[in-house]
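Have a look at the structure below before the remarks.
Proteins get letters first, then strands, A, B, ... in listed order; numbering begins at 1 in each. The structure presented is a predicted model; accordingly, all values stated were derived computationally and were not measured.
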Amino acid sequence: MDKTYSPRDIEQRLYARWESEQRFRPSGRGRPYSIVIPPPNVTGTLHMGHAFQDTIMDALTRYHRMLGDDTLWQPGTDHAGIATQMVVERQLNAEGKTRHDLGREAFVERVWRWKEESGGTIARQMRRLGASVDWSRDRFTMDEGLSRAVTETFVRLHAEGLIYRGKRLVNWDPVLHTALSDLEVLSEPESGHLWHLRYPLVDGDGALIVATTRPETMLGDTAVAVHPDDERYRHLVGKRVRLPLADRDIPIIADEFVDRAFGSGCVKITPAHDFNDYEVGQRHGLPLVNLFDRDAVLNDAAPPAYRGLDRFEARQRVVADLEALGLVDKIEPHTLTVPRGDRSNAIIEPWLTDQWYVRIEPLAKPALEAVERGRIRFVPENWDRTYYEWMRNIKDWCISRQLWWGHRIPAWYGPDERIYVGRSESEVRARHGLAPALPLRQDEDVLDTWFSSALWPFSTLGWPDATAELKKFYPTSVLVTGFDIIFFWVARMIMFGLKFMGEVPFREVYVHGLIRDAEGQKMSKSKGNVLDPLDLIDGIGLEELVAKRTAGLMQPHLAKGIEKATRKQFPDGIAAYGTDALRFTFCSLATLSRDIRFDVGRIEGYRNFCNKLWNAARFVLLSVEGHDLGPGEEQPSLADRWVRSRLAAALQATAAGLGSYRLDLASQALYEFTWYEFCDWYLELSKAVLQSDTSPEPEKRAARRTLIQTLETLLRALHPLMPFITEEIWQRVGPLAGRDGPSIMVEPWPAAGARDAAVDAEMRWIMDFILAVRQIRGEMDIAPSRRFDVLLAGAAAGDLARLERGRRWIERLANLGALRPLAAGEPEPESAVAMLGELRILVPMAGLIDVAAEVARLDKRIAKLRQDLAKTEAKLGNASFVANAPAAVVEQERQRVQDFGRELAGLETQLARVRRLGSGA
RNA sequence: GGGCGCGUAGCUCAGCGGUAGAGCACUUCCUUGACAUGGAAGGGGUCACAGGUUCGAUCCCUGUCGCGCCCACCA
């Protein structure tokens with residue numbers, strides 16, 4: 001093995017081998033375990049969020065595969081209707097064309113070409129991450145099979161009356177020219193104005209003052225509303241006002257919706273352009289005056305002077321005209337929430353159109369119950385509150401989109417505009433006995449992307465066919481996702497899963513946090529703080545990184561700032577850390593928190609961890625080289641038994657972490673065992689056995705076997721988190737440990753052996769001895785290479801026996817010369833001292849330590865001990881503590897008082913002695 | 001307005017009723033034959049604040065302050 005771990009050389013080679021050996025397919029044996037990937041956009045690229053999520057899913061998948069489960073990680077991609085269509089439209093725009101120049105068919109053809117061209121990117125990137133998805137089952141939401149599932153669900157829901165077509169207000173994007181669901185509209189506060197307008201009363205003098213943030217819509221007002229209990233206006237209800245500019249008379253109505261305290265307490269009602277007003281209009285039978293065309297340009301329903309004006313131009317004109325008429329009472333600055341399309345960022349217009357809707361309440365009810373009754377569990381649990389909140393207030397889902405890229409709605413219109421829904425035109429004709437000559441026109445609209453995503457857990461498994469995979473892997477075991485798509489996706493999968501499969505789509509939903517940059521900022525192109533997971537794996541030079549971050553910005557003026565910040569944060573670019581380091585970092589970051597800050601310092605630490613593991617393996621291999629490792633006469637040492645006991649504890653902790661979606665705890669347990677117990681201690685302890693001429697052969701054999709077996713077990717435990725380095729090392733180590741499988745991937749995840757408290761305690765004593773000596777060495781700045789003698793005094797029963805059992809390790813790890821008890825009557829030399837129980841460990845100071853330094857050291861220890869002792873004594877002095885605390889706790893405190901007291905006494909005696917000797921010297 | 005979350009070492013975060021932990025950063029010593037992407041030792045915290053429950057609270061409860069996210073029709 002090379003001296004330094006170099007991920008570049010191993011990762012892609014191993015992945016290719018796994019893939020060609022078909023290691024990612026379900027084994028066909030064991031309990032089913034399945035995860036469906038949240039499908040990324042087919043034309044997208046892998047970002048940190050994907051990499052994080054994929055790492056989690058892959059860790060779970062590999063873990064369960066090794067547990068012997070019949071494991072499927074189902075891959076696939078999403079057609080991402082609006083997003084993908086926009087990308088291709090932008091390409092066309094660059095050529096000076098629009099999609100309308102091409103026409104629907106040619107445009108869709110072009111999108112398919114783009115999909116073929118760029119669709120492989122994300123799959124390639126997932127391979128670099130080591131994702132063990134079953135590529136043979138790769139699916140795309142617009143595949144023939146999945147499209148069939150979409151049609152089937154649509155037809156069935158329609159037949160049940162759960163899908164209907166209706167004319168009502170929708171969120172209209174005047175730029176993209178499509179309807180959007182409520183979820184795709186983001187409302188942000190923006191500063192604007194509140195115009196107070198004067199509407200003259202038709203009978204008599206005076207006027208009502210209405211306040212509005214959208215004066216241009218007044219042209220479509222069909223009423224003014226006041227609160228029914230408002231004394232100021234009660235007498236006017238039923239009377240009429242003159243709508244300025246439009247020159248129509250409109251009624252004054254009473255509706256509870258009005259807030260008396262806001263503005264004048266009078267509200268203009270524009271049912272065709274405001275969701276609230278629409279409701280009011282429905283209640284009062286008001287007419288709708290639809291002022292806008294699909295571009296939000298005023299149409300012929302507006303007075304002639306305003307026709308053809310864009311909504312913002314119309315606003316200016318309306319205000320100017322009203323001012324000229326003296327009908328503007330006042331204008332105030334006002335912060336309002338402006339709805340914008342999540343893709344186009346255009347201001348959304350409530351607009352009256354025909355759209356398709358899913359009647360959601362009958363679907364939401366069982367979906368709510370499924371979580372309430374625990375058939376689906378959110379992890380962390382409190383996300384169920386968010387889910388409940390949404391599901392209890394859910395509204396019908398507008399599923400039609402006026403786009404070209406997507407699943408076309410399976411509805412046909414006859415010449416009389418009668419609607420026929422069916423799986424195909426021919427089915428429709430047959431079912432309804434329509435003559436072949438009767439022209440039918442298919443609905444132009446496509447379905448919301450999330451409609452097909454909602455079917456993902458079963459459509460990918462072959463539904464509507466009753467496939468074997470569907471039977472075996474549905475419901476899936478867990479859904480791994482971010483909280484940002486609980487409503488978009490998770491809730492809808494639950495609803496559709498229950499509806500069509502009669503069963504929840506997954507038993508658990510693991511909701512992970514969202515990856516942000518080191519400052520907690522969302523990563524975005526315009527902020528210039530994006531990290532590409534592939535750059536963390538392969539490394540990237542500074543210039544290239546700067547170029548990448550500043551290229552193709554929507555706002556080019558940001559480039560300078562981005563460049564500066566990038567140069568500051570990454571003066572040397574980014575080093576190549578390798579996939580395993582990146583993955584281990586992600587795992588260690590997978591805490592319960594919602595925002596996860598990704599700090600490059602962290603990945604460096606875990607790259608070092610990979611290197612540590614690599615070198616530990618080198619040491620183990622060197623140590624066993626040329627020796628028979630098979631069973632034979634062996635005599636395990638205390639150290640051997642200790643490391644096995646500690647390994648068992650680490651495996652337990654790791655399994656607990658993996659089983660509870662606490663990959664941070666799992667990775668921590670493995671990190672700590674590997675570094676602090678296996679490397680720092682056991683490898684060093686083993687040297688005392690292996691590199692000694694006096695160790696008997698059975699002991700050496702036991703040490704070698706323990707080394708190789710512990711490493712081999714550790715590799716298997718680490719594999720789900722760090723697949724590449726573990727496979728690479730395992731290929732050499734596995735056979736030596738008696739395992740002859742072709743890949744670590746298909747080896748069993750290690751069962752925890754037995755822990756041994758007695759062994760742990762015995763080793764603890766030896767370690768404490770070594771630490772005590774090292775502490776003196778460290779604090780006295782004695783070089784590690786400087787060997788010195790240690791004398792012992794005050795040994796308690798058993799101490800000397802323990803000493804003998806641990807002597808070879810103590811001598812070696814503390815780098816000691818002579819190590820012996822003071823003889824009876826032998827004068828105690830001037831010494832630095834440490835206490836280990838009643839045992840006094842003496843380091844003769846002559847030539848090593850000066851008195852002042854030792855006095856200072858002792859003072860410090862004594863002060864700390866006095867504090868601890870006082871605290872503990874106070875506790876025991878409290879009668880109610882002794883009376884109420886569990887006996888074990890009280891006993892523990894008593895023990896501590898004893899320990900502290902003994903150590904304190906020892907050190908105080910020593911301090912006095914050192915002082916005396918010092919002054920005498 | 002409703003819902004959720006966070007405030008622990010300089011930074012990023014675990015812990016969550018019984019002696020405050022890790023990584024990174026910092027200080028000192030050390031190239032000893034697995035590893036300087038390393039080893040050894042060390043400094044550093046009134047666990048936001050105030051009450052309460054308890055023998056005992058960083059942990060449970062209540063409130064205050066600060067920060068954040070999500071939903072919602074105040075024109």
Side-chain angles (χ1 to χ4, degrees), chain A residues 1 3-5 182-183 187 194-195 210-214 217 225 257-259 261-270 274-280 334 336-337 380 382-383 385-386 388-390 393 483-484 486-487 514 518 520 575 577 581 588-589 591-599 601-602 604-623 662 664-665 668 671-672 676 679-680 683-684 687 691 771 774-786 813 815 868 871-872 875 878-886 888-890 892-893 896 900:
Chain A
M1 284 173 76
K3 183 169 172 182
T4 304
Y5 156 69
D182 296 340
L183 285 175
S187 290
L194 194 57
W195 285 271
V210 297
T212 181
T213 55
R214 301 205 52 196
T217 64
F257 141 81
V258 178
D259 177 356
F262 190 90
S264 61
C266 303
V267 187
K268 63 190 273 304
I269 301 298
T270 323
D274 182 280
F275 288 104
N276 286 312
D277 294 5
Y278 182 83
E279 300 286 322
V280 175
H334 183 72
L336 67 161
T337 48
N382 52 279
W383 285 110
R385 304 294 299 272
T386 303
Y388 294 149
E389 203 57 24
W390 159 257
N393 299 301
F483 55 81
D484 50 335
I486 288 179
F487 306 144
L514 267 28
Y577 297 112
S588 71
L589 291 174
T591 63
L592 296 178
S593 73
R594 273 200 292 210
D595 294 322
I596 294 167
R597 297 183 183 215
F598 192 93
D599 187 342
R602 200 83 191 251
E604 189 177 344
Y606 293 119
R607 189 269 319 265
N608 295 351
F609 176 64
C610 291
N611 190 58
K612 188 78 179 173
L613 180 66
W614 184 264
N615 279 291
R618 283 181 62 221
F619 170 77
V620 172
L621 288 169
L622 280 172
S623 303
R662 289 302 303 269
D664 59 326
L665 301 181
Q668 193 184 352
Y671 182 97
E672 289 177 352
Y676 306 137
C679 292
D680 285 352
L683 296 190
E684 298 305 321
K687 288 175 187 175
Q691 297 174 9
L771 288 171
R774 280 181 182 170
Q775 192 170 52
I776 290 171
R777 187 190 285 278
E779 290 187 17
M780 294 300 134
D781 279 351
I782 303 167
S785 54
R786 176 90 183 259
L813 271 65
N815 195 23
D868 291 345
K871 221 156 72 178
T872 315
K875 215 167 179 181
N878 181 345
S880 46
F881 168 73
V882 179
N884 293 304
V889 174
V890 176
Q892 181 186 302
E893 295 299 312
R896 289 182 58 208
F900 288 152

Inset, instruction - Starting at atom CG of A:N608, determine the distance to atom P of B:C35, rounded to an integer number of angstrom. - result: 15 Å
Inset, instruction - Describe the nucleic acid contact of A:A883 in one word from base, sugar-phosphate, nothing, applying a heavy-atom distance below 4.0 Å. - result: nothing
Inset, instruction - Return the stems involving RNA chain B, sorted by first number, where pairs are Watson-Crick (N1-N3 with N6-O4 or O6-N4) or G-U wobble (N1-O2 and O6-N3), both under 3.5 Å, and runs are 3 or more long. - result: B:1-7 with B:65-71, B:10-13 with B:21-24, B:26-30 with B:38-42, B:48-52 with B:60-64
Inset, instruction - Send over the distance from A:L621 CG to B:A34 P, rounded to a whole Å. - result: 13 Å
Inset, instruction - Just compare B:A41, B:C55, B:A40 and give me whichever is closest to any side-chain atom of A:D680. - result: B:A40
Inset, instruction - Look at all strands and tell whether A:R896 reaches a base, only sugar-phosphate, or nothing, counting heavy atoms closer than 4.0 Å. - result: base
Inset, instruction - Indicate yes or no for a side-chain donor-acceptor contact from A:N611 to the backbone of A:R607 under 3.5 Å, with no hydrogens or angles considered. - result: no
Inset, instruction - Could you run through nucleotides 65-75 of chain B and give me one letter per nucleotide, 5' to 3': B if any protein heavy atom sits under 4.0 Å from the base, S if only the sugar-phosphate is that close, - if neither? - result: ---B-S--BBB
Inset, instruction - Could you give the distance separating B:C4 and B:G63 at their P atoms, to the nearest angstrom? - result: 13 Å
Legend entry - Separation of the P atoms in B:U19 and B:G51, to the nearest angstrom: 24 Å
Inset, instruction - Answer with base, sugar-phosphate or nothing: what part of the nucleic acid does A:L613 contact at a heavy-atom distance below 4.0 Å? - result: nothing
Inset, instruction - Using the P atom on both, measure B:C24 against B:A40 and round to a whole Å. - result: 12 Å
Inset, instruction - Would you classify A:R786 as touching base, sugar-phosphate or nothing, given that sugar-phosphate means primed atoms plus P, OP1 and OP2, and contacts are heavy atoms under 4.0 Å? - result: nothing
Inset, instruction - For B:C11 and B:C69, measure between their C1' atoms and round to the nearest Å. - result: 23 Å
Inset, instruction - Scan A:I269 against the nucleic acid and name what it touches under 4.0 Å (heavy atoms): base, sugar-phosphate only, or nothing. - result: nothing
Legend entry - Rounded interatomic separation in angstrom, taking CD1 from A:I596 and P from B:C11: 20 Å
Inset, instruction - Could you check whether A:C610 gets within reach of a base, just the sugar-phosphate, or nothing at all, counting any heavy atom under 4.0 Å? - result: nothing
Inset, instruction - For A:Y676, answer base if it contacts any base atom (sugar-phosphate contacts may also be present), sugar-phosphate if it contacts only those atoms, and nothing otherwise; contact means non-hydrogen atoms under 4.0 Å. - result: sugar-phosphate
Inset, instruction - Let me know the distance between CG of A:N815 and P of B:G39, rounded to the nearest Å. - result: 17 Å
Inset, instruction - Look at A:K612 and B:A34 and indicate whether a side-chain polar atom (N or O) is within less than 4.0 Å of OP1 or OP2. - result: no
Inset, instruction - Between B:C16 and B:A72, how far apart are the C1' atoms? Round to whole Å, please. - result: 34 Å
Inset, instruction - Send over the distance from A:R774 CZ to B:C29 C1', rounded to a whole Å. - result: 14 Å
Inset, instruction - Look at the aromatic rings of A:W383 and A:F483 and report parallel, tilted or perpendicular, splitting at 30° and 60°. - result: parallel
Legend entry - Euclidean distance for C1', B:G10 against B:G18 (whole angstrom): 30 Å
Inset, instruction - Determine the contact category for A:Q892: base if any of its heavy atoms lies under 4.0 Å from a base atom, sugar-phosphate if only primed atoms, P, OP1 or OP2 are that close, otherwise nothing. - result: sugar-phosphate
Inset, instruction - Assess whether one donor atom and one acceptor atom, taken from the side chain of A:E684 and the base of B:A34, lie less than 3.5 Å apart. - result: yes
Inset, instruction - Please state the P separation for the pair B:G42 and B:A50 - nearest whole angstrom. - result: 33 Å
Legend entry - Sugar-phosphate, base or nothing in reach of A:E893, heavy atoms under 4.0 Å: sugar-phosphate
Inset, instruction - Using only side-chain N and O atoms of A:R777, determine if any of them is under 4.0 Å from OP1 or OP2 of B:A40. - result: no
Legend entry - Of A:L589 and A:S785, the one whose closest RNA chain B nucleotide lies more 5': A:L589
Legend entry - Ring-ring centroid check A:Y606 A:Y671, cutoff 6.0 Å: yes
Inset, instruction - Taking A:R777 for its side chain and A:A783 for its backbone only, find out whether a donor-acceptor pair lies under 3.5 Å. - result: yes
Inset, instruction - Under 4.0 Å between any heavy atoms, over every strand shown, what does A:R607 touch: base, sugar-phosphate, or nothing? Just pick one. - result: base
Inset, instruction - Name the closest nucleotide to the A:K687 side chain, picking from B:A34, B:A41, B:C30. - result: B:A34
Inset, instruction - Measure the distance from CH2 on A:W383 to P on B:G5 and round it to the nearest whole Å. - result: 9 Å
Inset, instruction - Take atom C1' in B:C47 and the same atom in B:C59, then report the distance between them in whole Å. - result: 9 Å
Inset, instruction - Let me know the distance between CD of A:E604 and P of B:C11, rounded to the nearest Å. - result: 20 Å
Inset, instruction - Mind checking A:D868 for me? I need base, sugar-phosphate or nothing, with any heavy atom below 4.0 Å counting as a touch. - result: nothing
Inset, instruction - Measure from CG on A:D781 to C1' on B:C30 and round the result to the nearest Å. - result: 10 Å
Inset, instruction - Test for a donor-acceptor pair under 3.5 Å between the base of B:U12 and the side chain of A:R597, counting only N and O atoms. - result: no
Inset, instruction - Identify which nucleotide among B:C55, B:A34, B:C13 has an atom closest to any side-chain atom of A:T591, counting heavy atoms from C-beta outward. - result: B:C13
Legend entry - A:K871 to A:F900 six-membered ring, cation-pi geometry met (6.0 Å, 45°): no
Legend entry - Proximity to the side chain of A:Y671 - top-ranked nucleotide from B:U37, B:G23, B:A14: B:G23
Inset, instruction - Take A:N615 and A:G605, find for each the nucleotide of RNA chain B with the closest heavy atom, and name the residue whose nucleotide sits nearer the 5' end. - result: A:G605
Inset, instruction - Please work out if A:T4 contacts a base, only the sugar-phosphate, or nothing of the nucleic acid, heavy-atom cut-off 4.0 Å. - result: base
Legend entry - Shortest non-hydrogen contact between A:H334 and A:F262, atoms and distance: CE1-CZ, 4.2 Å
